[in-house]
2 protein chains.
Amino acid sequence: MTEHTPPTTPAREAGSTPTAAELGAASAPPSDPPRRGLSRRALFGLAGAGAAGLAAGAGATAAITAAVSAPASATGVTTVYPFGGAHQSGITTPAQDRLHFAAYDVSAGTTREELIELLQDWSVAAARMTQGQEVADGGAVDGSPLAPPVDTGEALGLPASGLTITFGFGPTLFTAEDGTDRFGIADRRPAELEKLPRFTGDNLQAGLTGGDLCIQACADDPQVAVHAIRNLSRIAFGRASIRWSQLGFGRTSSTSTSQVTPRNLFGFKDGTANVKSEETKTVEEQVWVQDGDSAAWLSGGSYLVVRKIRMIIETWDRAQLQEQERVIGRSKGEGAPLSGGKEFTEPDFDAVGATDQPLIDKHSHVRLAHPTQLKGTKLLRRGYNFVDGNDDLGRLNAGLFFMSYQRSPKQFIDVQRALATDAMNEYIKHVGAAIFAVPPGASKDGWVGETLFA
Amino acid sequence: MTEHTPPTTPAREAGSTPTAAELGAASAPPSDPPRRGLSRRALFGLAGAGAAGLAAGAGATAAITAAVSAPASATGVTTVYPFGGAHQSGITTPAQDRLHFAAYDVSAGTTREELIELLQDWSVAAARMTQGQEVADGGAVDGSPLAPPVDTGEALGLPASGLTITFGFGPTLFTAEDGTDRFGIADRRPAELEKLPRFTGDNLQAGLTGGDLCIQACADDPQVAVHAIRNLSRIAFGRASIRWSQLGFGRTSSTSTSQVTPRNLFGFKDGTANVKSEETKTVEEQVWVQDGDSAAWLSGGSYLVVRKIRMIIETWDRAQLQEQERVIGRSKGEGAPLSGGKEFTEPDFDAVGATDQPLIDKHSHVRLAHPTQLKGTKLLRRGYNFVDGNDDLGRLNAGLFFMSYQRSPKQFIDVQRALATDAMNEYIKHVGAAIFAVPPGASKDGWVGETLFA
Ligand code: HEM
Ligand code: HEM
């Protein structure tokens with residue numbers, strides 16, 4: 001048994017305590033040069049002085065290259081998704097069951113050069129972890145006993161579990177709140193990448209908004225998602241730190257026709273009319289930024305909007321079944337439009353009942369959010385259920401951590417504005433919000449964000 | 001497709017919207033008498049006036065009876081555990097992957113009669129949910145459209161997922177803080193059931209301690225565990241409300257030799273030397289309250305100690321591998337005792353190294369907690385990893401939600417006192433604590449807690 005699985009092997013294994021000889025063999029010579037600007041500092045910095053003999057950066061190029069081309073395997077915890085490619089994984093990837101999301105702020109005093117290094121280090125680490133490897137060579141147990149392990153170890157023995165790691169850049173990365181151009185990229189900010197406008201009913205909490213950078217880690221095992229965010233945060237030490245974060249325990253959207261539609265905490269199927277990855281034409285038109293859109297470096301990327309939406313579940317739970325269904329515009333059991341049919345029947349907004357009332361209420365969520373009401377606008381939704389303990393009144397602090405990917409922020413803004421008169425607003429409260437430009441995937445020898453700094 | 005699966009069928013199914021005829025057929029006649037004191041109020045109360053026609057209590061006896069004798073099926077999400085029996089499930093049951101725990105306070109003014117009704121209602125609902133059914137007949141979608149659904153619906157379509165629901169009684173249920181005997185059971189309090197003493201290094205937060213009642217919901221799907229706590233909280237409305245609660249995303253213990261040892265957030269295997277359900281003699285001696293112990297009604301039950309332990313993971317992550325292993329007393333990779341061997345080799349506390357230093361440090365966690373150092377005392381540990389977002393400094397608010405079951409609270413107290421000089425204390429902070437007497441399982445026609453009120 002050894003920790004040093006080749007990059008293509010999708011498994012972390014806990015070996016027995018290695019002998020000194022094994023340790024020697026496992027580490028590349030300390031004189032190995034750092035690769036292509038992939039800083040050794042991050043992976044070393046943590047380890048402190050004792051780590052001088054550890055070759056954390058070794059094999060980095062190989063890791064990214066392999067990760068770019070790794071095929072997705074069978075479903076379940078053994079699933080492995082590529083890290084690199086034309087697009088980042090974690091967007092059209094069939095939504096995994098669990099989420100750990102974190103928004104980061106770049107630390108004061110960090111230079112452009114250091115930010116680039118951070119993105120490179122993150123890319124190397126993410127490429128490895130998505131392939132089921134530890135964050136760096138040496139890992140949790142095969143480094144020097146006199147150094148802190150480079151990997152925190154809680155994912156030892158666990159397979160890749162379908163892990164995807166998706167990076168995003170907030171508007172403040174380009175221009176700080178005070179207008180400063182910290183990293184010389186102010187002029188590269190896409191005009192559309194702006195703090196979201198205030199929407200009717202917004203109840204945002206300062207601690208749940210914004211961020212210079214973000215990482216979305218999705219996996220079928222929460223321990224694997226948590227391990228990813230923890231180790232990426234550790235790598236960022238001194239350069240960026242978590243501003244706010246969220247665990248999601250259950251996906252609320254299908255993003256693939258191969259998936260069963262899950263339920264949100266209102267008890268309704270969620271994701272029925274979502275953009276599915278199989279609809280390749282819609283995905284191109286609605287999800288990926290295209291050549292000729294506002295920023296060339298973002299071509300092949302997307303925009304991520306995040307909304308933390310608290311559900312007032314006690315009020316919801318006291319509403320009649322009929323009222324709940326009216327609010328959504330679909331039946332609770334089957335998830336069929338109230339105009340009739342089955343889950344995937346198209347809603348008929350013109351259908352009326354005996355009393356000439358529309359079967360799908362004028363203020364129902366599904367009517368207001370439907371593309372036919374919005375000049376064809378669609379979003380790729382990728383949200384998660386959350387429960388953050390309970391409040392002082394003993395009510396579960398529960399809701400939907402809404403995330404959507406779209407080619408332009410305008411798509412989200414248009415839908416959210418249309419929801420101003422949504423009957424659902426009585427039962428929800430938007431408490432968190434952020435927007436990020438999500439760059440294209442890492443190229444074969446590159447890193448996420450390379451096109452921005454090129 | 002129908003919601004009305006017989007009690008032995010381990011599956012909730014989302015049917016299409018039922019016709020009025022189906023609704024009528026599904027509901028027992030409104031004149032059905034309530035069973036054996038199983039109050040219809042709980043399941044009705046929520047529903048308000050509109051629910052008068054809903055026979056929520058119908059079939060309750062059948063549900064419990066079936067649940068008492070249901071066999072455990074194959075592993076995975078289709079696993080079904082019995083609800084009733086000599087002992088409550090969720091103790092020696094192979095630890096499931098996910099946890100939702102809640103401590104409740106009984107509402108002011110609630111009578112003894114109402115408390116009994118609550119426990120009966122909880123038993124009926126728990127029996128059903130553990131068998132993969134909705135919380136009551138009618139469920140999320142087959143009730144009257146003019147009534148709030150009796151089930152919140154987010155588990156529709158999900159199998160039982162190995163759900164167990166385990167109830168406990170805190171010291172304050174017997175005697176309130178001010179000494180009041182609210183429910184006429186003060187004289188039935190086992191002398192041992194007392195608020196835990198203060199331990200060295202305790203850093204308890206008021207919002208994370210105590211509770212008159214508790215429910216531990218464990219399942220292999222977090223949505224199923226959350227659904228259980230949510231619906232049981234709803235049933236309790238007006239009679240008890242959540243005082244504090246916790247989600248755990250990954251088990252940190254094996255409680256069966258059939259399970260692979262998982263890892264905690266220090267990256268170490270946790271549960272290696274745990275009491276395993278297969279060790280039937282040890283389980284009898286160390287876990288179950290026996291006839292002749294301090295309270296006859298608790299015979300076949302146990303005591304649950306809960307400690308919310310925050311890990312200072314950034315400090316831990318900066319410690320050398322050697323220091324981490326010294327603190328635990330085991331190797332990080334294999335989990336073998338530092339005296340040598342494999343994971344399940346017995347530690348040799350007398351073994352010394354070249355410099356005559358003990359191989360397993362005097363202040364290591366494993367030495368201090370080992371039964372040979374504690375007159376044979378053992379605990380059945382059943383903890384979970386948690387991450388509750390991050391703190392203001394951007395550090396993950398992570399740790400171990402420690403739970404242990406033991407025949408007497410003294411066992412936990414002795415171990416925790418021995419840990420006063422634990423080298424691990426530099427890296428952890430106990431922030432929450434509670435103790436509960438866990439009654440035996442429901443009998444064939446009974447409910448959890450029946451022996452206490454007999
Ligand atoms: C707690 C908040 C929310 C809940 C519970 C919720 C729930 C639902 C449900 C049950 C559906 C119908 C099934 C489906 O097609 O997925 C739906 C559809 C949809 N929702 Fe939401 N939603 C929420 C917030 C939002 C927000 C903030 C947006 C965007 C601004 C949004 C956009 C959409 C869209 C575009 C559809 C598809 C409409 C269609 O094409 O039929 N939702 N939502
Ligand atoms: C964050 C806090 C804790 C961590 C990280 C932790 C971790 C561990 C680890 C890694 C082991 C060795 C593997 C095993 O046998 O399970 C262990 C053993 C053990 N721990 Fe803990 N533990 C914690 C708190 C506690 C507490 C509060 C108690 C009880 C007061 C406790 C009691 C035990 C016992 C009885 C053993 C088995 C010792 C033996 O028989 O070898 N632990 N713990």
Side-chain angles (χ1 to χ4, degrees), chain A residues 14-17 46 48 50 98 100 102 140-141 143-149 152-154 156-157 222-223 226 229-230 233-234 241-247 249-250 260 263-265 267-268 313 317-322 324-325 331-334 336 342 385 387-390 393-396, chain B residues 14-17 46 48 50 98 100 102 140-141 143-149 152-154 156-157 222-223 226 229-230 233-234 241-247 249-250 260 263-268 313 317-322 324 331-334 336 342 385 387-390 393-396:
Chain A
S16 45
T17 314
L46 324 152
R98 328 281 169 222
H100 197 175
V141 300
S144 159
L146 297 178
T152 56
E154 68 271 25
L156 266 181
Q223 183 109 343
V226 164
I229 292 294
R230 177 181 181 184
S233 302
R234 201 173 164 229
S241 63
I242 297 183
R243 179 183 169 98
W244 62 292
S245 61
Q246 184 67 47
L247 250 71
F249 66 79
V260 171
R263 289 180 186 269
N264 60 37
L265 294 179
F268 277 75
I313 58 172
D317 287 348
R318 270 186 226 114
Q320 301 175 348
L321 176 58
Q322 181 179 273
Q324 293 184 1
E325 294 184 334
S331 69
K332 194 165 188 175
E334 164 73 14
K342 289 277 180 187
N385 295 322
V387 172
D388 297 343
N390 55 275
L393 298 171
R395 299 178 302 205
L396 291 181
Chain B
S16 45
T17 313
L46 322 153
R98 326 281 170 225
H100 197 177
V141 299
S144 158
L146 297 178
T152 55
E154 69 270 26
L156 267 180
Q223 183 110 341
V226 164
I229 291 294
R230 176 180 180 183
S233 303
R234 199 172 164 228
S241 63
I242 297 182
R243 179 182 169 96
W244 63 291
S245 60
Q246 183 68 48
L247 250 71
F249 66 79
V260 171
R263 290 181 186 268
N264 59 38
L265 294 180
F266 281 161
F268 276 75
I313 57 171
D317 286 348
R318 268 185 228 117
Q320 302 176 343
L321 176 58
Q322 180 178 278
Q324 293 185 0
S331 69
K332 193 165 189 174
E334 163 75 13
K342 288 277 180 186
N385 296 322
V387 171
D388 297 343
N390 55 274
L393 297 172
R395 300 178 303 204
L396 291 181

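Chain A is the first sequence line, chain B the second, and so forth, proteins listed ahead of strands; every chain is numbered from 1. Please read all numbers here as calculations on a predicted model, not as lab measurements.
- For A:S245 and B:N390, the side-chain atoms include at least one donor-acceptor pair closer than 3.5 Å.
- Heavy-atom distances place the backbone of B:F266, and not its side chain, under 4.5 Å from chain A.
- Proximity of A:R230 to B:D317: side-chain heavy atoms (C-beta onward) are separated by under 4.5 Å at one or more points.
- Counting heavy-atom pairs under 4.5 Å between each of B:P222, B:A319, B:G250 and chain A puts B:P222 at the top.
- In this structure, B:Q324 contributes its side chain and B:F268 its backbone to no donor-acceptor pair below 3.5 Å.
- Only the side chain of A:L396 comes within contact range of chain B, with at least one heavy atom under 4.5 Å from a heavy atom of that chain.
- Neither the backbone nor the side chain of A:R395 comes within less than 4.5 Å of any heavy atom in chain B.
- In terms of the side-chain contact (heavy atoms from CB on, under 4.5 Å) criterion, residue partners of B:Q246 (sequence neighbours excluded) are, by chain and number, B:K308, B:F386, B:D388, B:F401.
- Closest non-hydrogen pair, A:N264 versus B:E154, comes out as O-CB, 3.4 Å.
- The greatest number of non-hydrogen atom pairs below 4.5 Å with chain A, out of B:L321, B:N385, B:L393, is found for B:L321.
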